[in-house]
Amino acid sequence: MAEKTYLQAISDGLRQEMRRDPRVFVIGEDVGVYGGAFKVTLGFQEEFGSWRVIDAPLSETAIMGGATGAAMMGMRPVAEMQFADFVSCAWDHLVTVAAKQRWRAGTPVPFVLRLPSGGGFSGGPFHSQNPESSFAHIPGLKCVCPATPEDAKGLIVSAIEDPGPVLFFEHKHLYRRIKGEVPDERYTTPIGKARIHQEGDDVSVITWGAMVYTAEEAAKQVDASVEIVDLRTILPWDKAAVLESVRKTSKLLVLHEDTHTGGFGAEIAATIAEEAFEDLDAPPKRVTAPDTPVHFAPVLEGAFLPQVSDVVAALREVAEY
Amino acid sequence: MAEKTYLQAISDGLRQEMRRDPRVFVIGEDVGVYGGAFKVTLGFQEEFGSWRVIDAPLSETAIMGGATGAAMMGMRPVAEMQFADFVSCAWDHLVTVAAKQRWRAGTPVPFVLRLPSGGGFSGGPFHSQNPESSFAHIPGLKCVCPATPEDAKGLIVSAIEDPGPVLFFEHKHLYRRIKGEVPDERYTTPIGKARIHQEGDDVSVITWGAMVYTAEEAAKQVDASVEIVDLRTILPWDKAAVLESVRKTSKLLVLHEDTHTGGFGAEIAATIAEEAFEDLDAPPKRVTAPDTPVHFAPVLEGAFLPQVSDVVAALREVAEY
Amino acid sequence: MAIARVAEPSGSLQDVKEWGLDREDLLQIYRNMLITRGVEERGHILYRQGKIPGSFYTGRGNEAASVGVATAMGPDDVGTPLHRDMGVHITRGVEPWRIFAQYMGRADGPTQGRDGNVHMADARLGLLAMVSHLPAMLPVAVGCALAFRIREERRVAIGWSGEGAMARGDAHEGMNFAGVRRLPVVFICDNNQWAYSTPTHLEYAVEHLADRAASYGFEGVVVDGTDVLAVYREAKRAIEKARDGGGPTLIECQTLRMEGHAVHDDAFYVPKELFERWAERDPIERMRNWLRGNAEMTDEDEEQIAAHVKKLLNESLQRAEESPQPDPATLTDGVYAAPEDLDTPHHK
Amino acid sequence: MAIARVAEPSGSLQDVKEWGLDREDLLQIYRNMLITRGVEERGHILYRQGKIPGSFYTGRGNEAASVGVATAMGPDDVGTPLHRDMGVHITRGVEPWRIFAQYMGRADGPTQGRDGNVHMADARLGLLAMVSHLPAMLPVAVGCALAFRIREERRVAIGWSGEGAMARGDAHEGMNFAGVRRLPVVFICDNNQWAYSTPTHLEYAVEHLADRAASYGFEGVVVDGTDVLAVYREAKRAIEKARDGGGPTLIECQTLRMEGHAVHDDAFYVPKELFERWAERDPIERMRNWLRGNAEMTDEDEEQIAAHVKKLLNESLQRAEESPQPDPATLTDGVYAAPEDLDTPHHK
Ligand SMILES: Cc1ncc(C[n+]2csc(CCOP(=O)(O)OP(=O)(O)O)c2C)c(N)n1
Ligand SMILES: Cc1ncc(C[n+]2csc(CCOP(=O)(O)OP(=O)(O)O)c2C)c(N)n1
Ligand SMILES: [Mg+2]
Ligand SMILES: [Mg+2]
């Protein structure tokens, strides 16, 4: 057990898996000598060589096609998009080949795709996106979005172990900012299980990624007793845990960093309205980014991203309903 | 005024626009000599020549990049994907360039992308999809899904007139099966406005595309008075019309052909739960396809696609709540 | 400007022996081509009988290209054949009855009624099921080769593309990556002169698509795709070169698509004379003549083969018709893999 | 195997005059290169002062390539320059103060604080704003050329790509389509030997990327990207050829990226000697020497130019600093175009 950053936790989990399982290899742009744009694989190429830490050409489809083919041949590829935004260049491969191959042809595709995502540092419209909602609509994929160092390590291990394609969304804003105790030994965190970040009785906040901390800050500033459910996995999502929380509090707030219309928050709010209709004492509420691309200038990006104050206002509104 | 199929209505609307506006041109695979896989542009190349009806290479990104560039130079491209499914190959271009260019750089991208979509004829997992939900999450795009011949013509004209990129989802199952009166003269059908397909008092069914007819059939088989709202446009969607209908009936059923989790039905159900909470006398309900790719064998595809009987059961459940 | 090497036609029995084929192999190639065509012809009949839902595609004219390449593959090699490559499935040993079951959407088809047509494969035989999106499986073949290279196995992956689909980014990204890493992969371009209704001059502007190989740092070869032995020889060379660490090759097999794009298409846009000219080079007829002229194939041999093929197809059809409809109760099964799924033979 | 033509170095004043440049043009080229570098150097200072949010990229070493090509463009031509092509914006007349405002995310930057860096362009000057995704704007340049071809206008589009981004499918699809239709487009590959930390041998396996042009049916040219006049000559030839209906050309400009990928990157992976060697071929120094040797540029000329550039940059910086922060009330404006938006000069 040691205190680690979120980034170190991912890096450690991945390195441990590479040491124990020769089938695991890394592929992506600048992941080798450079250690990846965020240095998650720093030193990996020295340890594992250039055929297990592969500097790929600037070819997102070749990277993911490569991962799929290698996975079908029994390897356990861990691919990296330099920024999650660039996964749009591999969209077809992911939704057409990787997501459907097991279902159609019986051939599982056990790869992990690491996606440094999220905003908060003036990355602008192409280095700040949270594309998890788009993928959470595609049957056959799994999408995980850890918020803590402990979960980041446990989920990267689970993702590698998973027999299918797993999209691993790492929030860049947590990389070096969030620290926590992380066990040294290998462990897994189950995919598809939410975590109660904070217990409470009055309002349930369902969220994931960096927004867990925004919710935490906001909860401190309201009188109500707030339960924060860190979803951890978006697809499949832990409906049972969310239902249980909402049945207890009778109030639902969904919070995500991505834009509003068609965001995954809609799925959560709709499902709860459908399945816990009688339990709700207030309309479900979503706090999200507005329907625009991500803004660059700090003054705009700040207005774009859900802030603590937005969550506080929403919590009050829901609590007082 | 004459009776026309849905397909003829699209074809006529497009041809009329090409006759009146030399900026309008067509680009896609096999749209020229062959007239398109579904013959929507049959005879166009003879009339307009091979530089206004362009047989493109098998290159979805080149087609859409070509449309975007030409649109920015003042043309009005109408691009065709051979099947909507193949739009995944142009996903990056659409969400990265076309959707964001006006917002970022002030340069509008007035193109239309025609997408023959939907299942019901054993097209299997790659010739039957309804990808509108994925795009309805992308700010900057518009998504229209006409259900009637009259709307198909009016909306293709509106889409061409629109100053931005419009995705025009044509349901293949309606092409030759659905006929209706279509005015001969030019007219537009507003993007973003729903249509009351059938008035009713007890339950509101919100749907679009081929499912409008499934809802209609189902409505005949229940005792309740069913209002069917044909959304016509998914992005931006006509929240006001849906709210008005639900405030009247107090019961909401959302019906779509696409899969469940993260489908656009979630956005509608969530929004109504949020904004008409006090008006609802029953939980909102969604009838959708299950979370799998589209099945090929008729016995499976039939079970996969929402059927009249599924809607009947759901209507009864909601009505009797 | 031609850059690729244009391959010689096939030679004498002596030559062919040097490439590793004995007389039984040659008859087997011929038999596989007959089965390939027979499966598709029977499929066509099934379609007209209304027994095949959806659409129906064949690879008539491509039997030599597909069987020739598949014959050159080693037992542990893998491939991603496409919709004109029925001969690959046949040669690798997929039983025709399962193909008919697939066509008809029955439970015993390789995709159990989930997908149709030749959107199928048996991974135990080293084949990976194509998706419609062309040529999305080409980078996947490259990924297979990557696995072989990482593990230093002497295995080769074969990736197919039509000449039309070579215009897509996937072809480029896959071939570029394979070239950079000199991966053990062989690319086969089935150039049948049409992409649906689109002729080659609207698809590419280079003389031979195989010329593109040079721009990815490997060899390109153009071969007459109706000459099964020439195809075999070039595929064998390329596969063994890849196996020995010599990197990729792009082989362009020149044929004509002898029918419409699919069953609904009468190919009105293809000049009649073109069909007539290529009909004279029917790949099966060519091999038959070669066998009679070079390998002493007798009337008796022929009759025996024909009888075998006919029996096989008849029995296969019957067995397929007996295959049950898939069970709608399985509708949502298998979207996600279970850990046990990984323990299949191809996952080593 | 090299296929592309390797261009000659620039010649005498007499040669240059024949290509259409008079002495004032030559001084203007030099001035534009100085402004280009100056803008980026000042930007770097702003960044270190904490005035530029996010990251910061420059095109040091690419001034000749970008200014040379832009100088060859006609007034109605259009282009899609990338993150090393500041010289294109400067040459087309974008005012430096607006670039500084863009860097700092101010309301007067071309994107009004919505996007950063050189992710911007002024469409009225014939430039289209790049997106990060490389080289997604290349097929867009092809689309511009398509519009010109449909309308039979004598205009040309220029599409840029780094050598790394040439590995992406977008490059392939765009160039293939342009080749098939012989569209009036010129492709510029800024080959600065690195894609972030990735060296060229891990990006492509052909000798010159310009060799790929042959596989799309058009001419490829390799030019020394530090020789602004040679770049100009080749760009001019290619642009006029395209204008006259001769179809596309791919010009590869060879340079070295003289800094890290972006400001946070110290380029530890680039051999020191490589930097030293290329520093001797600094494009601005080269042009300066050429002007002194061939065009009688005097100390006085130089001082005058330097003073002009300095004044311009100082005033621009000040003006940019006075530009207001964007107004959060505009947050959701402009996601959708209004009909009026179509009435801008470039939409003809
Ligand atoms: C990405 C993509 N776009 C469009 C299609 C529709 N389509 C199916 S086959 C075909 C033509 C393919 O031509 P080619 O690659 O030459 O193969 P062929 O059918 O001639 O064997 C097209 C356009 C597709 N399958 N995939
Ligand atoms: C599709 C895509 N993937 C990844 C990136 C991240 N990225 C930004 S610049 C760069 C390297 C580009 O190399 P090159 O094309 O040679 O251009 P250079 O920066 O050297 O001018 C990478 C990988 C990107 N911008 N786009
Ligand atoms: Mg073809
Ligand atoms: Mg570079």
Side-chain angles (χ1 to χ4, degrees), chain A residues 28-39 42 45 50 54-63 65 81-83 85-93 119-129 259-261 289-305 307, chain D residues 52-55 102-107 109 111-117 119-120 130-136 161-172 194-200 202-205 261-262 264-265 267-269 324-336:
Chain A
E29 292 156 18
D30 308 293
V31 294
V33 172
Y34 199 75
F38 297 96
K39 306 286 182 189
L42 190 65
Q45 198 173 63
S50 60
I54 299 177
D55 277 318
L58 207 168
S59 301
E60 280 73 12
T61 294
I63 291 169
M81 294 284 114
Q82 194 153 84
F83 284 75
D85 308 72
F86 302 125
V87 73
S88 51
C89 300
W91 170 262
D92 175 56
H93 180 83
F121 46 92
S122 292
F126 303 117
H127 288 77
S128 309
Q129 294 173 91
T259 55
H260 187 85
T261 301
D291 287 329
T292 79
V294 186
H295 294 248
F296 164 73
V299 52
L300 297 177
E301 193 187 18
F304 171 85
L305 293 173
Q307 299 294 328
Chain D
I52 294 183
S55 190
Q102 164 82 5
Y103 281 167
M104 294 190 287
R106 301 298 177 84
T111 69
Q112 303 169 283
R114 289 171 175 192
D115 205 342
N117 280 296
H119 293 173
M120 54 156 213
M130 69 173 285
V131 297
S132 286
H133 297 51
L134 296 169
S161 173
E163 92 293 342
M166 294 284 283
R168 283 254 306 121
D170 286 27
H172 175 70
W194 298 87
Y196 209 147
S197 72
T198 309
T200 53
L202 294 178
E203 295 280 344
Y204 58 85
H261 172 65
H264 61 271
D265 171 19
F268 67 88
Y269 46 82
Q325 293 287 347
D327 181 357
T330 64
L331 197 68
T332 58
D333 293 355
V335 174
Y336 291 95

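Note on naming: letters A, B, ... go to the chains in the order of the sequence lines (proteins, then strands), and numbering restarts at 1 for each one.
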Cut-off 4.5 Å, heavy atoms of chain A, and the answer for D:Tyr204 is neither

Counting heavy-atom pairs under 4.5 Å with chain A, the top scorer among D:Gly109, D:Gly105, D:Gly116 is D:Gly116

Honestly, the part of D:Val131 sitting under 4.5 Å from a heavy atom of chain A is both

Sorted by chain and number, sequence neighbours left out, salt bridge (charged side-chain N to carboxylate O under 4.0 Å, His left out) with A:Glu60 holds for D:Arg168

Turns out that what part of A:Ala37 lies under 4.5 Å from chain D's heavy atoms comes down to both

Okay, D:Gln102 and chain A: the region with an atom under 4.5 Å from a heavy atom over there is backbone

Bottom line for A:Asp291: the part with an atom under 4.5 Å from chain D's heavy atoms is backbone

Applying a strict 4.5 Å limit to non-hydrogen atoms, the region of D:Tyr336 in contact with chain A is neither

Practice item. Would you indicate whether the side-chain heavy atoms of A:Asp55 and A:Tyr34 approach each other to under 4.5 Å? Key: no

Between D:Tyr196 and D:Tyr269, is the ring-ring contact (aromatic ring centres under 6.0 Å, His included) condition met? List the steps. CA-CA 10 Å; D:Tyr196 209 147; D:Tyr269 46 82; 7.4 Å; no

Heaviest contributor of heavy-atom pairs below 4.5 Å to chain D, chosen from A:Gly302, A:Pro290, A:Cys89, A:Ala56, is A:Cys89

Sorted by chain and number, sequence neighbours left out, side-chain hydrogen bond (donor to acceptor under 3.5 Å, both in side chains) with A:Ser128 holds for none

A:Ile63 vs A:Glu29 side-chain heavy atoms within contact, under 4.5 Å: yes

If you tally heavy-atom pairs under 4.5 Å between each of D:Leu331, D:Thr198, D:Leu202 and chain A, the highest tally belongs to D:Leu331

When the 4.5 angstrom heavy-atom criterion is applied to D:Asp333 and chain A, the contacting part is neither

Is there side-chain contact between D:Gln112 and D:Thr330, with at least one heavy-atom pair below 4.5 Å? no

ring-ring contact (aromatic ring centres under 6.0 Å, His included) with A:His127: of A:Phe121, A:Phe86, A:Phe296, A:Phe38, only one passes, and it is A:Phe86

Scored by heavy-atom pairs under 4.5 Å with chain A, the best of D:Pro53, D:Gly54, D:Pro328 is D:Pro53

**Asked** Taking the side chain as C-beta and beyond, is there a heavy-atom pair between A:Val87 and A:Gln129 under 4.5 Å?
**Response** no

